[in-house]
Every structure is written in C-alpha cells, then in structure tokens.
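Being a predicted model, the structure only gives us computed values, none of them experimental.
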Amino acid sequence: MDVSIDIHFLSFLEGKAIDYLINEQIRDKEVRVIGAEGNQLGVMSLQEAREAAESAGLDLVRVSPNAKPPVCKIIDYGKFRYEIARKEKEAKKKQKIVEIKEVRLSPNIDSNDLNTKINQARKFLQKGNRVKVTLRFRGRELAYVNQNKPLLDDFAEQLSDISVIDKPAKFEGRSMTMFLAAKPSK
C-alpha cells in the first residue's frame, strides 16, 4: 500500500510566511545545493540534486526560493521543521506584550482626585504599560477646551521622572488624549 503525503510546511519568520518545498515538489530547472555538512556543492540540475539527497538518505529542501538560482539544502526535513518550530517558540517567549491602560479625567477634577489618578498611572507605567490619559468634556465644558490643556501638561509633568510623552495632547471629538510611555531603562 503506497500512501503519498503532500507536505508543505509554513514558517512565519519576521511576519512573512515561508513555504518550504521538498523533494518532488521542487519544480526549478537548476538549484544551488548545500550539502548535509553545510558545504557548497554548487549549482546543479534538479535531478542531480535529488540524486545527491537520495544517496545521502536525506531530503532536498528549498530554503531560499527567491535566490537566483534557488538554494536547496540536503537535510533531514523532520529535524529541520522541529528546529524552526523551536526557534519560533523561543522568539515568542521573549516577546513582551505592552498593554495600553487608560486614565480618565474631567476638567473640574479636584487636586486629591488628580493625585489618585497620577498614582494609578504611575503604577501602570512601573509595570511597563503605556498610559492613555483622556480628558473628557461634557456639555458647556467644550467651550473651555484650551483652558484645560495645562491639566494634561501638569499630569505629564508629575510623571516626568518615570515617563515620557509618547504622543502629545490632541483634541478628538469630545475628548483630549495624550499617551505616556515608561522611560527606557539605561
């Protein structure tokens, strides 16, 4: 009983999907071949490259399809897939996800309430998150938008020891927003 398996392995390196073709799936006339030990075997016809891989008991894998001529390696395909999956998993572990936390203010906020919001934002910044400071206007407060911009500037000044202004204050719709980010560690 002969079972043929169509194997395509997609790898996502730098956000781009790379399709690795193996053995009979490769359709190029000529390929540059790299041997099992990493040595250059040179440019040869596809048939010669397949024979070289078969004599070594390994697979012919097209690793660089955009090169002229395409580059193929003689390697164990299962081991190759495992190594790529392990590298991707390791890279994913090292990623740090930065969340955006929001602190909402109103134009007629009391100083004690403002200090509470500043302390809340300080905690977010110390955890490494970005902070979106939103000053929301309602009703007649919209007439005094420009008079309340110093409130956001004061907020950023209070946190200047641990943060930098990522995006300056900008008026959109009924609110003014500003983004703060933690200072990069030296």
Pair Y82, Y77 - check side-chain contact (heavy atoms from CB on, under 4.5 Å), show working. CA-CA 9 Å; Y82 172 75; Y77 186 63; over 6 Å; no
Could you list the donor-acceptor pairs under 3.5 angstrom formed by side chains in residues 142-157, with sequence neighbours left out?
residue, atom, partner, partner atom, Å
N148, ND2, Y144, O, 2.8
K149, NZ, D153, OD1, 3.4

Taking side chain as C-beta onward, heavy atoms only, is E102 less than 4.5 Å from T134? yes
Between K89 and I84, is there a donor-acceptor pair closer than 3.5 Å when you use the side chain of the first and the backbone of the second? no
When every non-hydrogen atom of L58 is compared with those of I75, the smallest separation belongs to CB-O, 3.6 Å
Can you tell me which residue pairs pass the side chain to side chain donor-acceptor pair (under 3.5 Å) test with a partner in residues 111-129, sequence neighbours excluded? R122-D161
Against the six-membered ring of F179, is K132 placed for a cation-pi contact (under 6.0 Å from the centre, within 45° of the normal)? no
side-chain contact (heavy atoms from CB on, under 4.5 Å) evaluation trace for R81 with K79: CA-CA 5 Å; R81 276 182 46 185; K79 193 173 185 180; over 6 Å; no
Sorted by chain and number, sequence neighbours left out, side chain to side chain contact (heavy atoms under 4.5 Å, CB included) with S163 holds for L125, L159, L180
Give the minimum heavy-atom separation between C72 and L60, together with the two atoms involved. CB-CD1, 3.6 Å
Show your reasoning for whether side-chain contact (heavy atoms from CB on, under 4.5 Å) applies to V71 and I34. CA-CA 8 Å; V71 178; I34 299 172; 3.6 Å; yes
Are the side chains of R174 and R136 in touch, meaning some heavy atoms are under 4.5 Å apart? no
Is it the case that the side chain of E141 and the backbone of R138 share a donor-acceptor pair, with hydrogens and angles ignored and the cut-off at 3.5 Å? yes
Among all residues two or more places apart in sequence or in another chain, which pass the salt bridge (Lys or Arg N to Asp or Glu O under 4.0 Å) test with R130? D166
List in chain and number order the residues that pass salt bridge (Lys or Arg N to Asp or Glu O under 4.0 Å) with R86, two or more places apart in sequence or in another chain; answer none if no residue qualifies. E83
Between K92 and E90, does at least one N-O distance fall below 4.0 Å, as a salt bridge requires? no
According to a hydrophobic-cluster definition based on side-chain heavy atoms being under 4.5 Å apart (Ile, Leu, Val, Met, Phe, Trp, Tyr only), do L114 and I162 belong together? yes
Give the minimum heavy-atom separation between E30 and P70, together with the two atoms involved. O-CD, 3.7 Å
Closest non-hydrogen atom pair between V103 and A121, with its separation: CG2-CB, 4.1 Å
In terms of hydrophobic clustering (I, L, V, M, F, W, Y; side-chain heavy atoms under 4.5 Å; direct or indirect links), are F171 and M178 co-clustered? yes
Shared ILVMFWY cluster between V133 and I165, side chains joined below 4.5 angstrom? yes
What do the steps show when you test I74 against D59 for side-chain contact (heavy atoms from CB on, under 4.5 Å), and what is the final call? CA-CA 6 Å; I74 297 175; D59 299 307; over 6 Å; no
Tabulate below the donor-acceptor pairs under 3.5 Å that side-chain atoms of residues 37-48 make, not counting sequence neighbours, or state none.
residue, atom, partner, partner atom, Å
S45, OG, E48, N, 3.3
Q47, NE2, E51, OE2, 3.4
E48, OE1, S45, N, 3.4

Closest approach of S106 and L135, non-hydrogen atoms and distance? C-CD1, 3.5 Å
